[in-house]
Undergrad: 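What follows is a structure written as structure tokens; I'll ask about it next.
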Number of protein chains: 2
Amino acid sequence: MDTTQRTEQQRAADRRRRELLEAADRVVLRDGPQASMNAIAAEAGITKPILYRHFGDKGGLYAALAKRHTDALLNSLRDALDAPAERRERVEATLDTYLAAIEARPQVYRFLMHPAEGSTGTDQGFDVGKHSAPLLRRMGEELAQVIGDRLDLGPNSQQLARVWGHGIVGMMHAAGDWWLGERPCSRAELVKSLADLLWGRLAAAGDKVGGPGF
Amino acid sequence: MDTTQRTEQQRAADRRRRELLEAADRVVLRDGPQASMNAIAAEAGITKPILYRHFGDKGGLYAALAKRHTDALLNSLRDALDAPAERRERVEATLDTYLAAIEARPQVYRFLMHPAEGSTGTDQGFDVGKHSAPLLRRMGEELAQVIGDRLDLGPNSQQLARVWGHGIVGMMHAAGDWWLGERPCSRAELVKSLADLLWGRLAAAGDKVGGPGF
DNA sequence: ATAATGTGTTACTAGCGGTAACCCGAGTCT
DNA sequence: AGACTCGGGTTACCGCTAGTAACACATTAT
């Protein structure tokens, strides 16, 4: 009975937690990443201290919120990456999946790319480096894993795979961010251009006529 | 006399402005991007309203501060990009210049990558997209310019160049950020790995032995 | 009945960005 | 000389934020 009661309470707490996260989601989607704890609590129909009891601080809530979306996106990406097809096709499918996601829900995207950032208090330590959004890091590691598993890169394969994983993810991220802001072309064109870049067209391109021997 | 007096005042104001920026620089380097206006004012030996008279708001100060560093970094990069050498060599030199810069002054780097972000007030609008650090955008455009000017990419050359510019900058950024945090290899190795990626080694690599026909 | 435990609230602190109001010294006009 | 504007400076405040302490109600165990 003791244990059953415990689990009963835990279940209730978990349900509660999910409700709170959904409310927070709505507010963040509406107000952007700087949504206040007050606003989130109001949306959930409760008051601040409850939020703090559940998530510790704002960073905790945001981390929990980000984890859900990050996991969802990573799952889609894994599917695209694991499809049975030519390498080029898989790369394009993965790029397209990512771009479709950020296109469909730009506010979620924007939120995910902005780390906690807050923590007004004793944040003296100020960890230099590793400041990037966790999503980028996780995508990079994931991609590195796939590359290292599937490709034969000679010695130092693992390290090369990790560099490439993070590099490719960064390329995707920056190009996607720019594209989302300016919409200079269709998604398909962007995908093709990026894949071309990865396929070495930069190295293969000829110098412009009239240019000196550079 | 009227004009000379005006210029006199303007000169004084400009000197003042430089002093304030240098003080702000010291504080930001010490306290990180969340340095408070109070702290900056104190470091400069004055009080808040003066800062606000000069820079409007925190975003203005941070923009001015960022512009200085951004301009400096962009100049170095232009030098590396314009050096008379083979393309591969220039690419490697540019990557190395960027990585050396973020390695030498990681705090500046971290500051530059975090946009204003604050503006607690009426920031309702919340521009989706284009949220990236201005530094990334400027580097991307700059690189796009160089690529478009120098390379013969067939039709749609300009658009392709812009995609590549932002993509390559993003690759550099993400890989650099990860590298700065984990230091998994030397700078030279990182440079070579990234250049290899851009040179199409991803497409050229063979499948791993034992893997199915993917 | 009474003690204990968990759930919720109100009411507060400290610090932030930003501003209004005042203050004082230097030059200027009468 | 004396009133008078005017630019640079400060103090004291506002509204907001994240985060917390302390109190109130219910439910259950003893």
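In what follows, chains are A, B, ... by sequence order, proteins preceding strands, each numbered from 1.
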Undergrad: How many Å lie between OH on B/Tyr52 and P on C/dG18, as a whole number?
TA: 4 Å

Undergrad: Please report, rounded to the nearest Å, how far the P atom of D/dT20 is from the CG atom of A/Leu51.
TA: 13 Å

Undergrad: Expressed in angstrom and rounded to an integer, what is the separation of A/Tyr62 atom OH from D/dA18 atom P?
TA: 7 Å

Undergrad: Would you mind classifying the nucleic acid contact of B/Ser36 as base, sugar-phosphate or nothing, using non-hydrogen atoms under 4.0 angstrom?
TA: sugar-phosphate

Undergrad: Which nucleotide, D/dG9, C/dG18, C/dT7, lies nearest any side-chain atom of B/Ile50?
TA: D/dG9

Undergrad: Checking contacts here: which listed nucleotide (C/dC16, D/dT11, D/dT17) is nearest the side-chain heavy atoms of B/Asn38?
TA: C/dC16

Undergrad: I need the CG-P distance between B/Asp57 and C/dC16, as an integer number of Å.
TA: 17 Å

Undergrad: Between D/dG9, D/dG19, C/dT9, which nucleotide gets closest to the side-chain atoms of A/Ile46?
TA: C/dT9

Undergrad: So, does the side chain of B/Arg53 form a donor-acceptor pair with the base of D/dG7 at under 3.5 Å?
TA: no

Undergrad: I need the CE-C1' distance between B/Met37 and D/dT10, as an integer number of Å.
TA: 16 Å

Undergrad: Closest heavy-atom contact between A/Glu43 and A/Val27?
TA: CB-CG2, 3.3 Å

Undergrad: Does the distance from a Lys or Arg side-chain N to an Asp or Glu carboxylate O, for A/Arg18 and A/Asp25, drop under 4.0 Å?
TA: no

Undergrad: Among B/Val108, B/Ile102, B/Leu135, find the one that has a side-chain contact (heavy atoms from CB on, under 4.5 Å) with B/Leu73.
TA: B/Leu135

Undergrad: Would you please classify the geometry between the A/Tyr109 ring and the A/His173 ring as parallel, tilted or perpendicular, with 30° and 60° separating the classes?
TA: tilted

Undergrad: Of the options C/dG18, C/dT9, C/dA20, whose atoms approach the side-chain atoms of B/Lys48 most closely?
TA: C/dG18

Undergrad: Roughly, in whole Å, what's the span from CD in A/Glu19 to P in C/dG8?
TA: 10 Å

Undergrad: Given the structure, check if the side chain of A/Lys58 and the base of D/dG19 hold any donor-acceptor pair shorter than 3.5 Å.
TA: no

Undergrad: Not counting sequence neighbours, which residues clear salt bridge (charged side-chain N to carboxylate O under 4.0 Å, His left out) with A/Arg88? List them please.
TA: A/Glu92, A/Asp196

Undergrad: How long is the line joining CG of A/Leu61 and P of D/dG19, in whole Å?
TA: 10 Å

Undergrad: What's the closest nucleotide to the side chain of B/Pro49 if the choices are C/dT10, C/dA20, D/dA18?
TA: C/dA20

Undergrad: Give the nucleotide from the list D/dT11, D/dA21, C/dG18 with an atom nearest to the side chain of B/Thr47.
TA: D/dT11

